[in-house]
Amino acid sequence: MEKITRPLMSDSVFSGVLDRNLKKLASRLGISLALRGDQLLIDGEAKRVAFAKLYFEKLHELEAKGHRLREEDFLIALDILEEGKAAGLESYAPSEPLNLSRKSVAPKSLNQKAYIQAIKDHDLVFGIGPAGTGKTYLAMAMALSFLQNKAVNRIILTRPAVEAGEKLGFLPGDLTQKINPYLRPLYDALFDLSQYDQATRLIEKGIIEIAPLAFMRGRTLNSAFIILDEAQNTTREQMKMILTRAGFDSKLVITADITQIDLPNPRKSGVLQAIKILARLDEVSFIRFNDRDVVRHPLVQKIIQAYQKAESGPD
């Protein structure tokens with residue numbers, strides 16, 4: 001067992017942020033961590049303990065440079081170090097959170113940090129990865145931030161109306177009631193990030209529009225932040241259509257989980273074709289998420305890992 005007999009960070013960070021992240025960090029590092037007063041006890045295999053000591057030393061160096069480390073910075077710094085990019089930590093700076101009407105949002109992983117930066121720097125961004133990695137949520141946060149800062153005039157939220165292996169049959173009600181079940185995840189993200197009354201007013205005024213992908217045909221969307229969610233379920237024709245809708249001063253963010261394609265012929269998914277066709281364009285950014293980016297219940301990460309292992313092996 002190794003003991004770090006002095007706080008590697010300021011007292012508040014050492015006893016606050018570190019304490020809240022202790023179990024998560026211990027799991028990621030593959031060791032046991034315990035706080036005893038001003039001591040941090042590290043126990044485990046020698047190689048892993050050595051890596052953990054290096055990690056905490058790097059955190060100390062970051063704070064010594066004047067960076068105020070938040071909860072998410074602990075995991076982002078670990079992402080960088082685990083990828084063998086210790087030198088990258090020398091120039092690391094915590095991200096400024098997006099201050100929205102209801103809450104502040106900050107990236108919780110290195111890929112999430114890259115995703116936010118890509119949206120700032122590129123007009124077309126693909127977020128590819130498993131469920132729970134923050135693809136849609138962060139895109140929504142960025143859209144609201146752009147609207148709040150008057151960088152765009154409206155937000156367009158869309159997704160294909162494809163059933164996830166279920167046959168819903170006839171749905172009663174008017175058109176809005178029929179399509180709402182397909183669009184519910186977009187509403188959930190919107191109302192979690194903004195005040196309900198404010199979001200409702202913006203929807204009523206048409207400043208925020210939530211509609212099925214089929215409704216985008218024939219339109220030119222200027223000064224808009226467009227989010228296409230669940231893009232793995234677009235046909236090739238639908239994908240080409242939405243990619244050509246963006247007008248001047250617009251952003252288009254496309255999210256997809258290519259492990260959950262619900263089309264009759266998954267190989268004809270529009271997003272798979274778009275990845276191949278657009279991969280060489282410098283103006284287009286592709287951010288690929290993995291199980292380490294999952295921000296839902298810790299069990300979700302293990303479920304994704306279990307499925308990945310099962311699907312990569314023999315039947």
Side-chain angles (χ1 to χ4, degrees), residues 115 119 123-144 146-147 152 154-169 171 173-194 199-200 202-203 206-221 224-246 250-266 268-275 278 284 286-287 289 296:
Y115 186 50
I119 293 173
D123 290 337
L124 175 56
V125 176
F126 284 78
I128 312 294
T133 50
K135 304 183 300 295
T136 302
Y137 192 81
L138 288 176
M140 184 74 73
M142 288 297 290
L144 291 169
F146 268 67
L147 183 66
V152 297
R154 55 182 170 159
I155 297 172
I156 309 292
L157 309 172
T158 185
R159 64 185 300 188
V162 175
E163 299 165 1
E166 301 168 278
K167 299 300 179 184
L168 301 180
L171 294 173
D174 60 21
L175 181 60
T176 300
Q177 292 171 321
K178 290 176 186 294
I179 64 177
N180 266 354
Y182 296 105
L183 305 174
R184 193 72 250 170
L186 294 172
Y187 281 104
D188 290 343
L190 173 62
F191 290 133
D192 187 64
L193 288 165
S194 58
T200 301
L202 291 173
I203 292 173
I207 295 174
I208 296 179
E209 179 182 349
I210 305 178
L213 181 58
F215 285 26
M216 299 298 111
R217 190 172 298 278
R219 302 175 64 182
T220 300
L221 305 172
F225 196 114
I226 310 155
I227 300 174
L228 169 60
D229 193 33
E230 298 287 341
Q232 72 273 8
N233 290 328
T234 59
T235 64
R236 294 176 177 181
E237 293 76 16
Q238 287 175 323
M239 179 57 69
K240 182 179 179 181
M241 180 269 291
I242 192 64
L243 288 172
T244 56
R245 294 310 93 198
S250 287
K251 294 272 184 182
L252 175 56
V253 178
I254 295 174
T255 71
D257 178 358
I258 57 177
T259 68
Q260 296 191 44
I261 300 174
D262 299 312
L263 296 172
N265 187 345
K268 291 190 176 182
S269 167
V271 78
L272 296 180
Q273 183 188 46
I275 291 171
L278 304 177
V284 182
F286 292 87
I287 304 298
F289 297 88
R296 292 180 182 170

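Values below: every heavy atom of this structure, side chains too, minus hydrogens, waters and symmetry copies. Computed from a predicted model, the values in this text were never measured in an experiment.
Atom CG of Asn233 and atom CD of Gln260 lie 9.0 Å apart (nearest 0.5 Å). The line from CD1 of Ile156 to CG of Leu186 is 12.0 Å long, rounded to the nearest 0.5 Å. To the nearest 0.5 angstrom, Leu252 atom CG is 9.0 Å from Leu221 atom CG.
Tyr187 is not listed as a side-chain neighbour of Leu157, based on a closest heavy-atom distance of 4.5 Å or more. Side-chain contact between Ile119 and Ile287: absent, with no pair of heavy atoms (C-beta onward) separated by less than 4.5 Å. Within the 4.5 Å cutoff, side-chain heavy atoms of Phe126 are placed close to those of Val284. The side-chain heavy atoms of Ile155 and Leu190, taken from C-beta on, include no pair separated by under 4.5 Å. Residues Phe215 and Thr158 form no side-chain contact, since every pair of their non-hydrogen atoms from C-beta on lies 4.5 Å or further apart. Using a 4.5 Å heavy-atom threshold, the side chains of Asn265 and Leu263 count as separate. The shortest distance between side-chain heavy atoms of Ile261 and Leu272 falls below 4.5 Å. Looking at heavy atoms from C-beta onward, Asp192 lies out of side-chain contact with Met140 at the 4.5 angstrom threshold.
Considering all non-hydrogen atoms of both residues, Tyr115 and Ala139 come closest at OH-CB, 3.7 Å. Ser269 and Arg236 get closest at one heavy-atom pair: O-CG, 4.3 Å. When all heavy atoms of Gly127 and Phe289 are compared, the pair lying nearest together is CA-CE1, 4.0 Å. Among all heavy-atom pairs drawn from Ile258 and Gln232, the shortest one is CA-CB, 4.3 Å. Minimum interatomic distance between Lys135 and Pro130 (heavy atoms only, all atoms of both residues): NZ-O, 2.9 Å. Contact between Met239 and Ala274 at its shortest, heavy atoms only, is CG-CB, 3.8 Å.
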Check: Between Ile227 and Met142, does a side chain to side chain contact (heavy atoms under 4.5 Å, CB included) hold up when you go through it step by step?
Finding: CA-CA 10 Å; Ile227 300 174; Met142 288 297 290; over 6 Å; no

Item checked: Step-by-step side chain to side chain contact (heavy atoms under 4.5 Å, CB included) determination, Ile254 to Thr234 -> CA-CA 11 Å; Ile254 295 174; Thr234 59; over 6 Å; no

Next item on the list: Determine, stepwise, if the pair Phe225 / Leu144 fulfils side chain to side chain contact (heavy atoms under 4.5 Å, CB included).
Entry: CA-CA 9 Å; Phe225 196 114; Leu144 291 169; over 6 Å; no

Next item on the list: Evaluate side chain to side chain contact (heavy atoms under 4.5 Å, CB included) for Arg159 paired with Thr255, printing each intermediate quantity in order.
Entry: CA-CA 10 Å; Arg159 64 185 300 188; Thr255 71; over 6 Å; no

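Here Arg217 pairs with nothing under the salt bridge (Lys or Arg N to Asp or Glu O under 4.0 Å) rule; sequence neighbours left out.
In this structure, the side chain of Thr244 engages the main chain of Met241 through a donor-acceptor pair within 3.5 Å. When atom types are taken as modelled, the side chain of Arg245 and the backbone of Arg219 share a donor-acceptor pair closer than 3.5 angstrom.
In summary, of the residues considered (Leu213, Val271, Leu243), a side chain to side chain contact (heavy atoms under 4.5 Å, CB included) with Leu228 occurs for Leu213 alone.
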